[in-house]
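Working notes for the structure below.
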Amino acid sequence: MSDATAPATGPAGVRVKKMSLLEQDDRTKRRNAAEKRFQFYGLTAITVGVLALAMLLISILSNGLSAFSQSFVTFEVTLTQEQIADAEASVVKTSKYSAIIKDNFQTALAAQGLADQVSVDDAMGLISKEAAAQLRNVATARMGDDEDVSRSFTFLTNGRIDGYYKGRVTMETAARDSNISPEQLQLADQLREAGLIEKRFNWGFMTMPDASGQRPEAAGLGVAILGSLYMMLVVLCLALPIGVAASIYLEEFAPKNWLTDIIEVNISNLAAVPSIVFGILGLAIFINFAGLPQSAPIVGGLVLTLMTLPTIIIATRASLKSVPPSIRSAALGLGASKMQSVFHHVLPLAAPGILTGTIIGLAQALGETAPLLLIGMVAFVREYPAGPPEGLFDPASALPVQVYNWTQRSDPAFFERASGAIIILLIFLLFMNALAIFLRRRFERRW
Amino acid sequence: MNDMRPVERIVDTDKPKIAARGCQVYYGENHAIKDVDVDIEDKAVTAFIGPSGCGKSTFLRCLNRMNDTIDVCRVEGDIRIDDEDIYDRKVDPVQLRAKVGMVFQKPNPFPKSIYDNVAYGPRIHGLAKDKAELDEIVERSLRRGAIWDEVKDRLTAPGTGLSGGQQQRLCIARAVATEPEVLLMDEPCSALDPIATEQVENLIDELRQNYSVVIVTHSMQQAARVSQKTAFFHLGNLVEYGETGQIFNNPKDPRTESYITGRIG
Ligand SMILES: Nc1ncnc2c1ncn2[C@@H]1O[C@H](COP(=O)(O)OP(=O)(O)O)[C@@H](O)[C@H]1O
Ligand SMILES: [Mg+2]
């Protein structure tokens, strides 16, 4: 107020320069420049981050999307009951079925006038080795029927043929490759023109179990997805209640003394313990001491629970802390007991934060690989685990471990599949984060 | 009810509602309340005045044992309500707080509907047999909180969506709903504008008919307007306690006089 009436001289008689509002003084200019600079830094940081993310996504998508489509060959197969009985009676059953497929494929090729392009064995090389097992599944199901089986079958093509259509295999590489010859590729081209071979979406990638190194075309994520889901189930069922109960006790009930201080410090430290340490702990306690089976989702789930607990406890305590104390006083002042005040008022307000923390913890656990390697989840598992709860004790794989596993194999077809598995993993993570956001919005709407 | 009042009056003057003797409060090493003796009457408004940090809130919280929730706080001495020692080992503070309601400085409605705010106390204490009875309690409490007319059409709206003054009256209604015998108010108007303050003051005057009201205030005008008895605290001591008129017009202690006339504070 005094400024408005005072003359243009300061209290000590110093003349204060009168400035026009239309021109900026040096100080303002410097301040504005600093602000501009800071905004530029921020923008640069974001651009770098977004670019890195985009590059990651582009590389994974470009390598992995092709894993979701696969070449199949379709032709008529006739299977008599005698053939089935004969095959089932022999020692190496699949080789009998292989022979049946060979005969039928030869017939199909002859019908197209392609029978004498390559030798019968080379022609058979176009079809995946998985085909015999596939045929056997149908045959055993129909065994003992009076009728013969005669219908069209769709088999996977060999990984090299599939790679040919995906640009991984060319005529030049085929010439140097002992597993495939340029003639076989030409036959494949002709079959494709004839409509016997076609590329289509491959559900098997998400449903089939892993396959050996010789048949990458048949390898799928079925067991790994089930194993990961089971582990998430175990983590959710154990870590959420234990974590929330521990946090509520520590935050609301425990006296503040040196003991709780030590516990608090230790929980924060646990969150920073490298995950492989939890793997060793799990190996020592759950497998060697408690005698739980190796490679089982229950053990993986327990280890990941230990790993997730600190995350959940820290998130829960933070969201409990952020509930204004006035809400607690209000409830206590009305004669609510401590527990009533916590469960009726504090916990509902903290719920969105707790849920977000839990889901972030789960997402972290979903992508965790190192501890699972130690408890034997790297095993090659072709059997689907049973339904829960028994299935929790069956051997299974896990998504990130499957990725690791596939990148170790020599056939480049597995590299494509590993990228495909990463896409699946990312989709799961994206879904979980979306769920976290959704739940958060949903619960926050209740003021 | 009105015919009963003279009879009650006689009983009241015989026995104070709350009697504190030799009350000491420590926050760790800090001796916050020093040897306070006070008798608080039933069906009257008692005001606690004094400069900031003199222990008014601390002493108020002794009366419903809210100090128990502060870890470092230690209370000594003898405080009786209706001649029962509230710091007796057999007393459950939760039960005590249902009997001694409290309204806080900052309005603190639960982030729930207006209805649920008021119904919460009766619900946890099982005061209503059924929904109809609960509705009745909620309406009666909101009427006593002088806010019924403003909220009757939006009982399901969030209590936190009301204006500050409305929120404070809602909190008073919520405290009243548990049928307390004593109502403690810690600077209930300090966050309110003058109009809301007047509404709350009128409300306090009405509440006096049913409750023993203790109000902490930093405004001497407010103490003079609403209270019958006034206690002046200074540096943890109860300096002077008497009829409000006498405290303001004819203080006996020089410290009271200085504070009233604005020389300390
Ligand atoms: N929760 C607390 N913990 C520690 N000291 C406290 C606490 N509350 C109040 N005090 C101390 O007790 C004294 C009285 O405070 P208070 O009762 O809040 O005063 P008033 O309400 O009269 O302003 C002050 O010295 C204050 O620092
Ligand atoms: Mg105070």
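Values below: all heavy atoms of this structure, side chains included; hydrogens, waters and symmetry mates excluded. Numbers restart at 1 for each chain; the letters A, B, ... are given by sequence-line order, proteins then strands.
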- Query: Is the closest basic N to carboxylate O distance between B:R143 and B:E206 below 4.0 Å?
  - Reply: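 Here B:R143 does not pair with B:E206 in a salt bridge, since their nearest N and O are not under 4.0 Å apart.
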- Run the salt-bridge test on A:E252 and A:K338 with the 4.0 Å N-O cut-off and return the result as yes or no.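 No, this pair does not count.
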- Do other residues, nucleotides or ligands put more than 12 heavy atoms under 6.0 Å from the CD atom of B:Q95?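 Atom CD in B:Q95 is not packed in, count stays at 12 or less.
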- Counting only heavy atoms not in A:F253, do more than 12 fall under 6.0 Å of its CZ?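 Yes, the 6.0 Å shell around CZ holds more than 12 heavy atoms from other groups.
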- So which of B:N108, B:T69, B:L184 has the largest heavy-atom pair count under 4.5 angstrom toward chain A?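 Result: the option with the highest number of such pairs is B:N108.
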- chain A contacts, top residue of B:M102, B:K106, B:R174 (heavy-atom pairs, under 4.5 Å):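 Of B:M102, B:K106, B:R174, B:R174 has the most heavy-atom pairs under 4.5 Å with chain A.
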With only heavy atoms counted, which part of [X] is less than 4.5 Å from chain A, the side chain, the backbone, both or neither?
X: B:R65; value: neither
X: B:P109; value: backbone
X: B:V103; value: neither

- Query: Do the rings of B:Y120 and A:H344 sit parallel, tilted or perpendicular, given the 30° and 60° boundaries?
  - Reply: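 Perpendicular: the ring planes of B:Y120 and A:H344 meet at over 60°.
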- Query: Would a distance-only check, ignoring hydrogens and angles, find a side-chain to backbone donor-acceptor pair under 3.5 Å from A:T260 to A:N257?
  - Reply: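 Judged by distance alone, yes, a pair lies under 3.5 Å.
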- Query: Side chain of B:T217, backbone of B:Q222: donor and acceptor closer than 3.5 Å?
  - Reply: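 Looks like no, no N/O pair under 3.5 Å.
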- Message: For a quick check under 3.5 Å, do B:R61 and B:N67 share a side-chain donor-acceptor pair by atom type?
- Response: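 Note: B:R61 and B:N67 side chains meet the donor-acceptor criterion.
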- Item | chain B contact residues among residues 323-331 of chain A, heavy-atom distance under 4.5 Å |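 Residues A:S326, A:I327, A:S329, A:A330, A:A331 are the ones that qualify, each having a heavy atom under 4.5 Å from chain B.
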